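The sequence lines fix the lettering, A, B, ..., with proteins before strands; numbering per chain opens at 1. Because the structure is predicted, anything quoted here is derived from the model rather than measured.
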Protein chains: 2
Amino acid sequence: MASSTREKIIQLGDDLLRKQGFNAFSYADISKPLQIKNAAVHYHFPSKQDLAFAIAQWHKDVFDRFSRKMATKEPKDRLKTFLNFYHSIHLSEKVDIIGAFATDWYSLGPNVQTEVQEFTELVIEWLTELIQEGMDLGQFRKTQNTRTTALKILSSIFASTQLVRITSDQDFTRVKNSILEELLN
Amino acid sequence: MASSTREKIIQLGDDLLRKQGFNAFSYADISKPLQIKNAAVHYHFPSKQDLAFAIAQWHKDVFDRFSRKMATKEPKDRLKTFLNFYHSIHLSEKVDIIGAFATDWYSLGPNVQTEVQEFTELVIEWLTELIQEGMDLGQFRKTQNTRTTALKILSSIFASTQLVRITSDQDFTRVKNSILEELLN
DNA sequence: TTGCAAACCTACTAGTAAATAAGTAAATTA
DNA sequence: TAATTTACTTATTTACTAGTAGGTTTGCAA
């Protein structure tokens with residue numbers, strides 16, 4: 001079964017949110033490419049907040065499947081896959097969803113904010129555990145606070161998807177490689 | 001002489017840009033608090049792009065004065081002041097201007113983009129020189145590529161102003177302190 | 001004191017935004 | 001097969017957006 005209209009709207013909404021920002025796209029930007037009418041988008045997502053909620057929820061689902069699939073792999077490879085994922089974001093000229101939601105934070109309704117918070121905490125905890133495990137296995141250099149290390153990795157990699165819009169592509173690869181190098185023993 | 005209307009518009013525009021995003025505020029959001037009419041804002045800044053340009057220019061000017069004032073201080077103190085500056089951004093519930101411009105990048109006209117690029121390069125170069133100097137003086141740990149280190153510091157600190165909107169205040173302080181600790185010998 | 005420009009205001013336009021009401025065709029279920 | 005639901009469309013509304021044309025006031029300069 002090909003993806004439903006609902007799924008296509010979420011995908012396109014996510015694309016637009018991360019390329020242009022929540023307030024920079026309209027329902028027309030979604031309905032036109034999908035060759036449906038404005039009201040059809042409202043049928044699936046009565047308000048733009050409902051769409052934002054669905055996008056946040058989708059990211060939670062995807063990350064959940066991702067972390068399950070990665071569970072068996074060793075910390076180093078898990079981190080590499082994570083960083084490569086951000087590389088693909090960079091190549092598609094989007095920014096990370098966390099940064100996109102963060103800069104548009106005050107445009108989001110309370111339930112969307114909660115969903116975004118849950119997703120973000122999921123990512124941070126996953127990274128924190130990964131780092132702890134890598135340290136326990138002697139693959140990673142010891143750091144004082146694993147959550148802080150996780151926060152620094154997350155923030156520098158997601159900020160890079162933003163920063164390189166302004167500077168250059170090379171800067172992304174530099175930061176990406178450096179994150180791994182710094183952690184490895 | 002108290003600050004002119006023009007200056008007040010730039011200040012308020014900058015506040016709104018960094019609190020809500022470029023597409024989330026209107027000229028009405030500027031004219032109302034300043035108790036002037038919509039057209040008065042258009043008198044000073046015919047288009048919203050002109051306002052964005054002036055905001056970018058203002059940041060360049062401020063950073064220029066900042067770097068001049070800091071020139072005599074030693075690297076460690078320069079970095080501390082820089083990080084404290086970001087702490088004040090965090091406290092005012094804004095995000096950093098670089099991240100704000102980056103996420104709204106495709107809403108900006110070419111001349112605004114150029115101005116933002118110049119400002120950002122100014123900051124990166126200032127940080128790079130600071131790190132090199134600190135390393136030469138033996139205050140900072142040696143790193144392979146000083147620009148990469150600068151990029152990582154900049155990205156993790158400006159992303160933190162975004163991330164802590166979603167997570168918690170503590171996370172900002174953690175990252176901030178860790179940046180300094182990691183660099184110091 | 002006249003002329004003129006800076007800094008506004010009044011009043012408006014054209015376009016776009018999100019959102020809704022009411023209707024329809026096709027599929028699903030009872 | 002009758003009733004209902006799903007997935008839309010057509011048509012419209014309300015509200016706001018950036019931007020403009022033209023008039024007014026104020027202060028300064030010739």
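If you take CD of B:Glu7 and P of C:dA7, they are 12 Å apart, rounded to a whole angstrom. Per the geometry, NZ belonging to A:Lys32 stands 8 Å off P belonging to C:dA17, to the nearest Å. Look at CG on B:Asn38: it is 8 Å from P on D:dA18, rounded to the nearest Å. One can place NZ of B:Lys48 at 13 Å from C1' of C:dT16, the figure rounded to the nearest angstrom. Per the geometry, CG belonging to A:Asp29 stands 14 Å off C1' belonging to C:dG15, to the nearest Å. Distance A:Lys37 NZ to C:dA25 C1': 16 Å, rounded to the nearest Å. Look at CD1 on B:Ile30: it is 14 Å from P on C:dC8, rounded to the nearest Å. C:dA17 atom P lies 15 Å from atom CG of A:Leu51, rounded to whole Å.
An OP1 or OP2 oxygen of D:dT9 is reached within less than 4.0 angstrom by no side-chain nitrogen or oxygen of A:His42. Between B:Ser47 and D:dA18, a side-chain N or O to OP1/OP2 separation shorter than 4.0 Å is absent. Listed pair B:Tyr43 / C:dC8 fails the phosphate criterion, with no side-chain N or O lying under 4.0 Å from OP1 or OP2. The phosphate of C:dA7 has neither OP1 nor OP2 within less than 4.0 Å of any side-chain N or O from B:Thr5.
Using modelled atom types and a 3.5 Å distance limit, the side chains of B:Asn111 and B:Thr114 yield no donor-acceptor pair.
With D:dA18, C:dA7, C:dA18 as the candidates, the nucleotide lying closest to the side chain of B:Tyr27 is D:dA18. Comparing D:dG19, D:dC8, C:dA17 against the side chain of A:Ser26 picks out C:dA17 as the nearest. Listed nucleotides D:dC8, D:dT10, C:dC9 differ in distance to A:Ala39; the shortest reach to its side chain belongs to D:dT10. Residue B:Ala28 has its side chain nearest to D:dT17 when only D:dT17, C:dA7, D:dA7 are considered. Of the candidates C:dA19, D:dT20, D:dT9, D:dT9 carries the atom nearest the A:Ala40 side chain, counting heavy atoms from C-beta on.
Note on B:Leu154: it does not cluster hydrophobically with A:Val95, by side-chain heavy-atom contacts below 4.5 Å among ILVMFWY residues.
Atom CZ of A:Phe85 is surrounded by 12 or fewer heavy atoms from other residues, nucleotides or ligands within 6.0 Å.
Residues A:Ile9 and A:Leu34 form a side-chain contact, since some pair of their non-hydrogen atoms from C-beta on lies under 4.5 Å apart. Residues A:Asp61 and A:Arg65 form a side-chain contact, since some pair of their non-hydrogen atoms from C-beta on lies under 4.5 Å apart.
Comparing B:Arg6 and A:Phe45 by the nucleotide of DNA chain C that holds the closest heavy atom to each, the one mapping nearer the 5' end is B:Arg6.
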